[in-house]
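Read the numbers this way: they start at 1 and go in the same order the structure lists the ligands and their atoms. Index from 1, following the sequence.
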Amino acid sequence: MHDLVVRNISQLILPESSFSPLKGKEMSVLKVKENAAFAVKDKKVSWIGNDDEADSKKAVQYIDVQQKMVSPGLIDPHTHLVFGGSRENEMPLKQKGMSYLEILAGGGGILSTVDATQRASEEELFQKASFHLERMISFGVTALEAKSGYGLDRDTEIKQLRVIQRLQNSFPAAIVPTFLGPHAIPLSYKGREEDFLNEMIGLLDEISHKNLAEFADIFCETGVFTAEQSRKFLKAAKSKGFGLKIHADEIDSLGGAELAAELEAASGDHLVAVSDKGIKMLGDSNTVAVLLPGTTFYLGKDTYAPARRMIDNGLAIALATDFNPGSCVTENLQLIMSLASLKLNMSAEEIWNSVTVNAAHAIGLNGKAGTIEVGKPATFVIWDADNYHYIPYHFGVNHAKIVYLDGNKIWERQKNEKFQLSDSR
Ligand code: IZC
Ligand code: ZN
């Protein structure tokens with residue numbers, strides 16, 4: 001007796017978990033079962049088959065999805081979910097031509113969010129992050145990564161990581177925490193950058209002992225941290241058991257991609273300005289290239305990460321929102337899928353693999369999330385679309401209809417309220 005049978009599925013999207021991420025050409029293969037059905041028992045997928053076999057499956061509940069598609073829950077492997085304040089004040093500065101790094105160098109940007117995050121209470125940060133997280137889940141995201149990095153001091157970094165821990169315990173989603181202490185250099189440390197870096201390295205033990213983060217990350221960028229400083233921080237983190245991530249080659253090419261491959265990081269993220277050598281080294285590694293086309297769009301730039309060249313060179317790609325209050329203010333991973341189609345020239349098959357199995361690899365959840373497989377968690381999305389090409393095609397809106405985590409319905413679109421037409425027509 002199954003708990004649930006989901007049937008009459010036009011397309012069931014079935015990426016499979018594997019020891020390493022899908023690389024290069026492998027990304028263009030997406031397993032899709034038409035006229036499918038599957039069953040759930042004890043939070044796990046218990047059967048997958050053809051719809052005409054569903055009649056013979058005994059279950060407590062049946063859902064007829066009426067020829068809509070079903071996919072695994074989406075995974076967003078790069079977010080800055082927890083922060084105070086907002087930065088709409090930067091819009092006119094951007095319109096006047098001020099760049100992201102110029103705003104940061106003037107004490108704005110990340111540093112203004114640091115100020116607001118330091119001033120916010122843990123409860124305020126929790127409430128605010130809850131609001132954004134609920135919205136992510138409504139877009140079909142059931143697993144995500146969340147970074148600290150708006151503290152730049154011990155107490156605020158720990159406060160942010162505790163908020164992430166509280167979110168893990170309060171919400172039906174898998175949340176993977178990352179310590180991003182070296183996200184910017186406080187103005188008070190100008191000229192003493194190495195001291196600041198050492199302070200952040202000094203926090204690794206406490207964070208590890210308190211089990212507050214699985215990954216460590218650093219912003220390797222002009223005016224922030226050099227490749228050498230990044231190597232020092234990431235090596236220290238690796239020796240203490242952290243998985244590694246790196247904000248690499250987002251604006252300038254500093255060798256971040258090479259460093260990610262050299263240190264066997266789980267992911268190198270951004271990579272808009274990646275060098276040929278960086279591409280080659282990532283291709284020879286199992287480090288996932290996490291691409292964030294929403295950020296390129298939101299920074300108003302025309303040059304996107306060279307996704308096609310990466311795929312030709314055998315890289316594994318995942319896609320993420322980069323949700324943050326400065327360089328990409330959206331919780332909508334479906335919008336990122338559209339940008340990947342339009343701006344990265346990725347195929348629909350590559351895109352779906354990038355927000356499921358490969359995203360799982362980027363945050364250490366391979367085998368635990370991103371697939372619909374017998375014996376694995378029954379975590380899936382019923383879409384308001386009958387085929388998987390439709391989601392990147394129809395952009396900027398939410399196509400998720402019902403979201404399930406571990407066999408439980410966690411979100412459902414409210415029935416459309418009918419417009420009240422006036423009588424005076
Ligand atoms: O708040 O601007 N790029 N970090 C590196 C960010 C963007 C987040 C922010
Ligand atoms: Zn980021």
Side-chain angles (χ1 to χ4, degrees), residues 76-91 93-94 98-118 120 125 128-129 132 136 144-152 156-157 160 164 176-186 200 213 215-225 230 233 244-252 254 256-257 260 265-273 288-301 305 318-331 333 336 359 362-363:
D76 190 341
H78 182 139
T79 86
H80 303 250
L81 176 62
V82 181
F83 56 86
S86 57
R87 308 212 309 246
E88 58 273 37
N89 63 308
E90 289 175 11
M91 291 301 251
L93 303 177
K94 287 167 72 168
M98 235 174 138
S99 75
Y100 177 81
L101 291 179
E102 283 165 350
I103 294 171
L104 176 60
I110 296 174
L111 292 174
S112 77
T113 300
V114 167
D115 193 45
T117 306
Q118 286 175 345
L125 291 177
K128 190 167 159 60
H132 297 301
M136 282 182 187
L144 59 136
E145 183 250 23
K147 302 176 194 294
S148 69
Y150 294 121
L152 310 187
T156 315
E157 285 295 315
Q160 266 192 287
I164 296 172
V176 176
T178 295
F179 172 56
L180 173 60
H183 187 197
I185 295 161
M200 294 299 113
F215 288 92
D217 190 354
I218 184 165
F219 191 12
C220 179
E221 188 57 69
T222 305
V224 195
F225 295 98
S230 302
F233 173 77
L244 304 185
K245 298 187 156 281
I246 174 167
H247 281 68
D249 307 326
E250 173 181 356
I251 296 161
D252 294 324
L254 297 191
S267 70
D269 301 42
H270 285 290
L271 305 170
V272 176
V288 178
V290 175
L291 304 188
L292 309 160
T295 306
T296 308
F297 172 78
Y298 200 82
L299 290 175
K301 303 208 167 177
L319 291 162
T321 56
D322 195 17
F323 173 64
N324 76 72
S327 66
C328 193
V329 197
T330 183
E331 298 93 339
L333 189 58
I336 304 307
I363 57 175

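By the 3.5 Å distance cut-off applied to N or O atoms, Tyr100 is counted among the residues near ligand 1. Considering backbone and side-chain N/O atoms, Tyr150 comes within less than 3.5 Å of an N/O atom of ligand 1. Considering backbone and side-chain atoms together, His183 places an N or O closer than 3.5 Å to an N or O of ligand 1.
Closest approach of Val290 to Ala320, counting heavy atoms only: CG1-CB, 3.8 Å. In this structure, Ala257 and Leu271 approach most closely via the heavy-atom pair CB-CD2, 3.7 Å. Of all heavy-atom pairs between Leu180 and Ser148, the closest is N-OG, 3.0 Å. Closest non-hydrogen pair, Ile110 versus Ala184, comes out as CG2-CB, 3.9 Å.
Within the structure, ligand 1 lacks Phe83 among the residues with a heavy atom less than 4.0 angstrom away.
Around the Zn ion (ligand 2), protein atoms of type N, O or S found under 2.8 Å number 4.
In this structure, CG on Asp249 lies 11.0 Å from CG on Asp269, to the nearest 0.5 angstrom. Atom OG in Ser230 sits 8.0 Å away from atom CG in Leu254 (nearest 0.5 Å).
Each of the atoms 1 (O), 2 (O), 4 (N), 9 (C) of ligand 1 lies under 4.0 Å from some heavy atom of Ile110. The ligand atoms of ligand 1 that sit less than 4.0 angstrom from a heavy atom of Asn324 are 1 (O), 2 (O), 8 (C), 9 (C). Applying the 4.0 Å criterion to heavy atoms of Phe219 picks out, from ligand 1, the atoms 3 (N), 5 (C). Counting atoms of ligand 1 from 1 in the listed order, those under 4.0 Å from a heavy atom of Arg87 are 1 (O), 2 (O), 9 (C).
Using cut-offs of 30° and 60° on the angle between ring planes, the pair Phe83 and Tyr150 is perpendicular.
When the shell of 6.0 Å around CZ of Phe215 is examined, it contains more than 12 heavy atoms from other residues, nucleotides or ligands.
Screening His247, Lys245, His270, Glu145 for a side-chain hydrogen bond (donor to acceptor under 3.5 Å, both in side chains) involving His78 leaves a single residue, His247.
Side-chain atoms of Asp217 and Thr178 form no donor-acceptor pair, as typed in the model, at a separation below 3.5 Å.
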